[in-house]
Amino acid sequence: MIALLCAAVFDLVLSGGRVIDGTGAPWFRADVGIRGDAIAAVGDLSREKARRRIDLHDLAVAPGFIDMLGQSELNALIDPREESKVRQGITTELTGEGISPAPMNAAWIHEQEPWLDKYKLKIDWKDLGGYFRRLRKARPSINEAVLVGAAQVRGVVLGFRDAQPDAKQLAQMEELVDAAMLQGAFGVSTGLIYQPGSFAKTPELIALAKVAAKHHGIYASHIRSEAKKIGEALDEAFSIAREAKVPVEIWHLKVSGRANWGRMKEVIGRIEAARASGLDVTADMYPYIASANGLDASIPDWAHEGGVDAMVSRIRDPEQRARMLKEIAQDLHPEDIQILAAVNPEVKKFSGQRLDAVARELGKPAPEALVDLVAQDKANVGVARFGMNEDDVKLGLAQPWVSMDTDYGGMAIDGPFAAEGSAHPRAFGSAARMLGHYARDEHLFTVEEAVRKMASLPARRLGIEDRGLIRTGMKADLVVFDPATVRDTATFEKPFAYPEGIPYVVVNGKLVLDGGKRTRERPGRPLLHGH
């Protein structure tokens with residue numbers, strides 16, 4: 001009898017809040033009881049015993065948010081607090097955009113050397129199993145789901161040259177994807193504007209996506225163009241969906257460049273038509289008008305062949321430099337590019353400035369400044385690109401098949417990544433911006449729909465069956481927020497700022513944010529697809 005009574009005790013009860021269950025349905029008043037790492041009961045638990053009870057009053061309790069492109073695979077090893085994720089209620093992320101933590105070899109390590117040296121990170125694994133062992137040892141704060149990158153696999157087999165695989169090499173690439181899927185990858189991914197991924201042609205991608213499909217995984221893609229050629233880029237993704245019979249996720253859906261503003265309606269029409277034809281296509285977005293990537297993404301494809309060292313050599317070669325500058329100048333808007341981060345102190349001092357201002361300070365044309373900064377910092381310059389229109393962003397976010405991503409690694413307002421000096425505000429504010437700005441203030445969708453977009457929609461897309469909903473038996477990943485006050489505070493000028501109105505976050509049954517204070521708990525874990 002005593003044993004039975006003890007078993008009935010909850011470790012934590014979140015009492016009397018507005019339960020937003022993740023389905024998109026209206027909220028209801030209930031208690032949520034947690035035992036171990038799972039939700040043990042939802043209902044009236046006022047007479048039940050609990051080791052700790054938190055009265056929520058008019059606060060909302062929702063499933064922990066899932067970031068559909070999180071980028072923390074290495075960040076979590078350097079600063080496992082992942083506070084920028086925790087404080088906006090993100091309890092799980094998907095990562096691996098074309099490149100991934102595995103398979104790993106010496107050539108890939110060399111490509112990332114300046115960044116790895118800066119953060120004193122030693123890569124001591126070769127496959128995904130080895131990475132997961134290292135991640136568990138680091139004790140991350142949130143759950144990590146990983147995709148195997150098509151470019152990562154290509155780099156291991158073909159190096160960084162613009163070459164097409166023969167039958168034997170393609171078979172090797174397929175074997176590497178198969179091995180990663182068996183070790184827990186959720187699918188295969190591409191970043192088709194980045195090298196060496198951009199060198200891959202569609203048949204190669206179909207072949208790798210077929211391997212992911214065999215294991216019931218997905219194909220996620222930063223498509224080949226988000227600007228003028230976005231129609232063709234979407235068609236390629238649809239072709240891969242059709243030929244490989246694989247679900248497709250379009251990452252950080254957008255239409256970039258002033259000349260393309262207003263085309264989101266066309267993009268949505270294409271995706272709707274693909275869905276109507278039976279293709280399983282969904283997308284995700286971050287709720288901002290600026291993207292972020294490396295400054296070297298402005299450098300033409302051909303100049304990247306062979307990796308970073310080869311690119312820097314071409315920048316220093318007068319003839320190749322001239323060709324490069326001519327191509328860059330055709331589509332460069334330096335006033336729309338803001339320097340965010342760098343490794344080299346001589347480049348890092350420009351953090352926060354627009355490229356046109358940096359060029360003036362250096363006394364050279366913007367294309368010259370761009371290539372020189374890339375060379376000086378060995379392709380480590382991070383930038384924000386103000387290329388989107390607010391109406392397009394809102395139209396995309398409103399679609400029922402669009403979930404949320406931050407497209408940024410976990411960091412904190414202190415610690416190793418704070419020394420970067422700058423970041424994209426999406427790193428700190430995306431989920432709160434969905435709830436506060438777009439749901440409550442702009443009425444773009446209900447708060448319940450905002451939660452669905454960040455909880456059950458991504459969970460179902462990834463096939464994570466025990467997260468994304470508040471239901472008995474589900475894992476206890478939960479976020480408590482104030483619907484009246486939740487808001488993002490990070491700006492492009494001051495991005496290192498946590499959101500307001502999110503006092504409690506639970507990951508795997510442990511409070512990682514308690515009354516607005518970060519606890520010492522780091523209960524995150526690798527999530528393994530099919531395990």
Side-chain angles (χ1 to χ4, degrees), residues 64 66-78 80 82 85 90-105 108-109 112 121 123-156 173 176-191 194 197 208-209 211-222 246-249 251-252 284 403 405-410 458-459 461-468 475 477 507-508 524-531:
I66 297 173
D67 182 350
M68 277 298 280
L69 180 54
Q71 310 280 25
S72 298
E73 63 266 31
L74 299 183
N75 287 38
L77 304 180
I78 294 162
E82 298 176 282
K85 305 280 180 180
I90 291 168
T91 57
T92 295
E93 71 161 38
L94 177 68
T95 194
E97 186 185 7
I99 63 171
S100 54
M104 188 59 73
N105 68 356
W108 269 116
I109 293 169
Q112 301 172 72
L121 178 63
I123 291 180
D124 57 3
W125 64 88
K126 288 194 167 63
D127 63 3
L128 205 50
Y131 167 72
F132 286 145
R133 283 191 292 277
R134 180 73 181 271
L135 184 63
R136 285 188 192 97
K137 193 176 170 186
R139 293 175 41 241
S141 297
I142 68 169
N143 306 307
E144 206 75 39
V146 178
L147 296 164
V148 58
Q152 190 77 22
V153 165
R154 175 175 247 274
V156 169
M173 292 163 74
L176 288 169
V177 171
D178 191 62
M181 294 299 299
L182 287 168
Q183 290 178 332
F186 278 78
V188 69
S189 67
T190 54
Y194 306 117
L208 300 185
V211 179
K214 183 182 79 173
H215 295 278
H216 309 291
I218 67 167
Y219 169 76
S221 183
H222 178 153
V246 71
V248 168
E249 180 76 9
W251 265 330
H252 46 57
D284 51 76
S403 56
D405 74 76
T406 67
D407 195 9
Y408 226 85
R461 177 32 116 211
L462 293 173
I464 300 173
E465 294 177 0
D466 57 357
R467 298 173 203 267
K475 293 299 182 192
D477 289 352
V507 177
N508 294 315
R525 55 182 72 151
L527 300 185
L528 308 185
H529 176 65
H531 291 243

Candidate pair Asp407 and Glu97, rule side chain to side chain contact (heavy atoms under 4.5 Å, CB included), full reasoning: CA-CA 9 Å; Asp407 195 9; Glu97 186 185 7; 3.7 Å; yes

Pairwise distance CG(Asp405) to CG(Leu94) - rounded to 0.5 angstrom: 9.5 Å

Considering all heavy atoms, the nearest Trp125-Gly130 contact: CB-C, 3.6 Å

Non-hydrogen side-chain atoms of Arg461 and Ile66 separated by less than 4.5 Å: no

Reported CH2-to-CG distance for the pair Trp251 and Leu147, which is rounded to 0.5 angstrom: 5.0 Å

Close side-chain approach of Pro140 to Leu135, heavy-atom, < 4.5 Å: yes

Side-chain (Thr190) to main-chain (Ala150) donor-acceptor, under 3.5 angstrom: no

Test item: Arg154 and Leu208 side chains (from C-beta on) under 4.5 Å apart, heavy atoms: no

Pairwise distance NE2(His252) to OG1(Thr406) - rounded to 0.5 angstrom: 10.5 Å

Atom pair CE (Met104) and OH (Tyr131), whose distance is rounded to the nearest 0.5 Å: 10.0 Å

Aromatic plane relationship, His529 with Phe186 - under 30° parallel, 30 to 60° tilted, over 60° perpendicular: tilted

Beyond-backbone contact of Lys85 with Ser141, side-chain heavy atoms, under 4.5 angstrom: no

Salt bridge (Lys or Arg N to Asp or Glu O under 4.0 Å): pairs with one or both residues in residues 123-133, sequence neighbours excluded: Asp124-Arg134

Side-chain donor or acceptor of Trp108 paired with backbone N/O of Gln152 under 3.5 Å: yes

Ile142 and Ile90: CA distance, side-chain angles, deciding distance, side chain to side chain contact (heavy atoms under 4.5 Å, CB included) verdict: CA-CA 8 Å; Ile142 68 169; Ile90 291 168; 4.2 Å; yes

Stepwise side chain to side chain contact (heavy atoms under 4.5 Å, CB included) test for Thr91 and Lys475: CA-CA 11 Å; Thr91 57; Lys475 293 299 182 192; over 6 Å; no

Under 3.5 Å: donor-acceptor pair, side chain of Gln183, backbone of Leu128: yes

From Met181 atom CE to Lys214 atom NZ, the distance as rounded to the nearest 0.5 Å: 9.5 Å

Derivation of the side chain to side chain contact (heavy atoms under 4.5 Å, CB included) call for Leu182 and His215: CA-CA 8 Å; Leu182 287 168; His215 295 278; 3.7 Å; yes

Main-chain N/O of Gly98 paired with Ser189 side-chain donor or acceptor, under 3.5 Å: yes

Residues Ser72 and Thr95: side-chain donor-acceptor under 3.5 angstrom: no

Inter-residue atom distance Ile464.CD1 - Thr92.OG1, 0.5 Å rounding: 6.0 Å

With sequence neighbours excluded, residues passing side chain to side chain contact (heavy atoms under 4.5 Å, CB included) with Ser403: Met68, Glu249, Asp284, Leu457, Pro458

Donor-acceptor under 3.5 Å (Ser100 side chain, Val148 main chain): no

Leu121 side chain reached by Gln112 side chain, heavy atoms, under 4.5 Å: no

Asn143 vs Asn508 side-chain heavy atoms within contact, under 4.5 Å: yes

